[in-house]
Amino acid sequence: MEFLYTYETLKLEFPLSEPERATFVILGIPFDGTTSFKPGARFGPTLIRHATLNLESYILDYDVDISELPIADIGDIAVVAGDPRKTADRVRETLEELKRINPNALPILLGGEHSQTLGAVEALRPASYVVFDAHLDLRDSYEDNPYNHACVARRIGELGIREAMFGIRSGTREEVIYAEENGIPWVHARDYDFDAFVELVKPLPEPVYLSIDIDVFDLSLVPSTGTPEAGGLGFWEVVEAMEWLVENKSIAGFDIMEVGGHELGDITALTAAKLLFHFIGAKGGL
């Protein structure tokens, strides 16, 4: 199956299914057009895929071998350099086509700048958006661009989608006020625990789109992300929350964004690859 805006790239080393028959469909978004600190998110999809070569496909935690699951990797979006809105449109149109040919497919995005989550959410139209992120991303505009990576949660909320944010440790006063006025709950990284997560997420309507900005983690796990912040969460804290969502909520889509770097074997990509395998393993083991 040909998709309008995708091209062949390094793919996961599994016997993959065609997207028409797949349960999981992976799409890379190699975009960092509004990156405001450390560049390199355009290499995220390639770095994550390469990092999977270091991992066993058998997931101990779930007694699942993900190489036996119906997974398709449809390559990367051909981005519009420097234009997050036009690139997000390509993401949206590609996922709309995917859902047309396979309504049961679960899209997984690898990125790439967080601005591109908007295109996925526009295509999939979940009822709720759950995000792990160091930043609130609720600015109305940043650097004169309303589609900057720092604005993605605001644009998603404007679609009428319920939101809940976890691992936050950076934002402006204006963003905090906007969250309060618009009923957007968020949990500071230093206050995060599993019970706080479940309390906020349990009442959210389904389906849920789950987004992981890799900068939510402690810096030792993600040194090459675009806007790093000290004081992040541990790997298993995020996995535990992800497992709860998979077990208790229907999932419209999943992404791992803001993976950067310039060398194969980057620690940030290794963290993302392990998280990717755990998501597929947890979901595939249901």
Distance-only, no hydrogens or angles: does the Arg139 side chain make a donor-acceptor pair with backbone N or O of Glu175 under 3.5 Å?
no

Given side chains that start at C-beta, do those of Arg125 and Val121 come closer than 4.5 Å, heavy atoms only?
no

Look at the side chain of Lys249 and the backbone N and O of Lys202, then say whether any donor-acceptor pair between them is shorter than 3.5 Å.
yes

Tell me the closest heavy-atom pair linking Thr34 and Glu143, and the distance in Å.
O-OE1, 4.4 Å

Closest approach of Arg49 to Leu27 (non-hydrogen atoms, all atoms of both residues)
NH2-C, 4.3 Å

d(Ile77 CD1, Glu93 CD) to nearest 0.5 Å is 9.0 Å

Looking at CD of Glu122 and CD1 of Ile161, how far apart are the two atoms once the value is rounded to the nearest 0.5 Å?
8.5 Å

ILVMFWY cluster, Ile267 and Phe277 together (side-chain gap under 4.5 Å)
no

Can you tell me how far apart CG (Leu106) and OG (Ser250) are? Round to the nearest 0.5 Å.
10.5 Å

Side chain of Glu181, backbone of Tyr178: donor and acceptor closer than 3.5 Å?
no

Could you grab the distance from atom NZ of Lys283 to atom CG of Leu245, nearest 0.5 Å is fine?
10.0 Å

For the backbone of Gly111 and the side chain of Arg42, can you confirm whether one donor and one acceptor N or O come within less than 3.5 Å of each other?
no

Going by side-chain contact (heavy atoms from CB on, under 4.5 Å), Ile66 matches just one of Leu276, Leu12, Ile59. Which one?
Ile59

Same apolar cluster: Tyr142 and Met165, side chain cutoff 4.5 Å
no

Compute whether any side-chain donor of one residue and acceptor of the other, for Glu206 and Ser128, lie under 3.5 angstrom apart.
no

Residue from Phe197, Phe254, Phe217 passing ring-ring contact (aromatic ring centres under 6.0 Å, His included) with Phe132
Phe197

Worked verdict on Phe235 versus Leu221 for side chain to side chain contact (heavy atoms under 4.5 Å, CB included):
CA-CA 8 Å; Phe235 183 81; Leu221 296 172; 4.2 Å; yes

Considering only NZ, NE, NH1 and NH2 on the basic side and carboxylate oxygens on the acidic side, decide whether Glu96 and Lys99 come within less than 4.0 Å.
no

Under 4.5 Å between side-chain heavy atoms, counting indirect links through other Ile/Leu/Val/Met/Phe/Trp/Tyr residues: same cluster for Leu270 and Val259 or not?
no

Verify the distance criterion only: is there a donor paired with an acceptor across the side chains of Thr35 and His149 at less than 3.5 Å?
no

Do Thr87 side-chain atoms and Val80 backbone N/O form a donor-acceptor pair below 3.5 Å?
yes

Distance alone, cut at 3.5 Å: any donor-acceptor contact between the side chains of Asp61 and His278?
yes

Please evaluate residues Asp140 and Arg154 with respect to the criterion salt bridge (Lys or Arg N to Asp or Glu O under 4.0 Å), reporting the C-alpha separation (whole Å), side-chain torsions for both, the decisive distance (0.1 Å), and the verdict.
CA-CA 7 Å; Asp140 189 36; Arg154 183 144 176 174; 3.7 Å; yes

Among side-chain atoms of Asp255 and Tyr209, is any donor-acceptor pair under 3.5 angstrom?
yes

Answer yes or no: is there an ion pair linking Asp89 with Arg92, defined by an N-O contact shorter than 4.0 Å?
yes

Give the minimum heavy-atom separation between His135 and Ile168, together with the two atoms involved.
O-CD1, 3.3 Å

What are the two closest non-hydrogen atoms of Asn102 and Ala22, and how far apart are they?
ND2-O, 2.8 Å

Contact between Pro146 and Ser141 at the side-chain level, heavy atoms closer than 4.5 Å - yes or no?
yes

Taking all non-hydrogen atoms of both residues, which atom of Gly261 and which atom of Asp266 are closest, and how far apart?
CA-OD2, 4.0 Å

Give me the one residue out of Asp76, Ile108, Leu109 that meets side-chain contact (heavy atoms from CB on, under 4.5 Å) with Ile26.
Ile108

Could you tell me if the side chain of Pro19 sits less than 4.5 Å from the side chain of Leu98, heavy atoms only?
yes

Listing request: all ring pair (Phe, Tyr, Trp, His ring centres under 6.0 Å) pairs with a residue in residues 21-60, at least two apart in sequence or in separate chains.
Phe43-His262

Would you say the side-chain atoms of Asp83 pair up with the backbone N or O of Lys86, donor to acceptor, closer than 3.5 Å?
yes

Using a 3.5 Å distance criterion without hydrogens, assess whether the side chain of Arg162 forms a donor-acceptor pair with backbone atoms of Ala127.
no

How about Asn148 and Pro84: do any of their side-chain heavy atoms sit closer than 4.5 Å?
no

With rounding to the nearest 0.5 Å, note down the distance linking OG in Ser211 to CD in Gln116.
11.5 Å

Are the side chains of Ile256 and Ile214 in touch, meaning some heavy atoms are under 4.5 Å apart?
yes

When you look at Arg100 and Glu97, which way does the side chain to side chain contact (heavy atoms under 4.5 Å, CB included) test go after all the steps?
CA-CA 5 Å; Arg100 185 188 67 79; Glu97 173 65 7; 2.8 Å; yes

Would you be so kind as to tabulate the donor-acceptor pairs closer than 3.5 Å made by side chains of residues 185-193, with sequence neighbours excluded?
| residue | atom | partner | partner atom | Å |
| --- | --- | --- | --- | --- |
| His188 | ND1 | Arg190 | N | 3.0 |
| Asp193 | OD1 | Asp195 | N | 3.2 |
| Asp193 | OD1 | Ala196 | N | 2.7 |

With a 4.5 Å heavy-atom cut-off, do Thr23 and Asn104 have their side chains touching?
no

Are any side-chain N or O atoms of Arg169 and backbone N or O atoms of Glu229, one a donor and one an acceptor, separated by less than 3.5 Å?
yes

How about CG on Leu219, more than 12 heavy atoms from neighbouring residues, nucleotides or ligands closer than 6.0 Å, or not?
yes

With sequence neighbours left out, the residues meeting side-chain contact (heavy atoms from CB on, under 4.5 Å) with Asn248 are Trp244

Within the distance-only criterion (no hydrogens, no angle test), does the side chain of Glu258 pair as donor or acceptor with the backbone N or O of His114 below 3.5 angstrom?
yes

Where do Tyr129 and Leu159 land on the side chain to side chain contact (heavy atoms under 4.5 Å, CB included) test, with the steps shown first?
CA-CA 11 Å; Tyr129 173 71; Leu159 298 174; over 6 Å; no

Side-chain donor or acceptor of Asp215 paired with backbone N/O of Thr225 under 3.5 Å
no

Taking every heavy atom of Pro30 against every heavy atom of Pro45, the minimum-distance pair comes out as N-CG, 3.9 Å

Would you say the side chain of Val176 lies within less than 4.5 Å of the side chain of Thr172, judging by non-hydrogen atoms?
no

Under a single-linkage definition using a 4.5 Å side-chain heavy-atom cutoff for Ile, Leu, Val, Met, Phe, Trp and Tyr, are Leu53 and Leu110 assigned to the same hydrophobic cluster?
no

Measure the spacing between CG of Asn182 and CG of Leu138 and express it to the nearest 0.5 Å.
8.5 Å

Applying side chain to side chain contact (heavy atoms under 4.5 Å, CB included) to Val131 and Glu163, what does each step give before you reach the verdict?
CA-CA 8 Å; Val131 61; Glu163 297 181 289; over 6 Å; no

Around atom CD of Glu263, are there more than 12 heavy atoms from other residues, nucleotides or ligands closer than 6.0 Å?
no

Test of understanding: clusters of I, L, V, M, F, W, Y form through side-chain heavy atoms closer than 4.5 Å, transitively. Do Trp236 and Leu275 belong to the same one?
yes

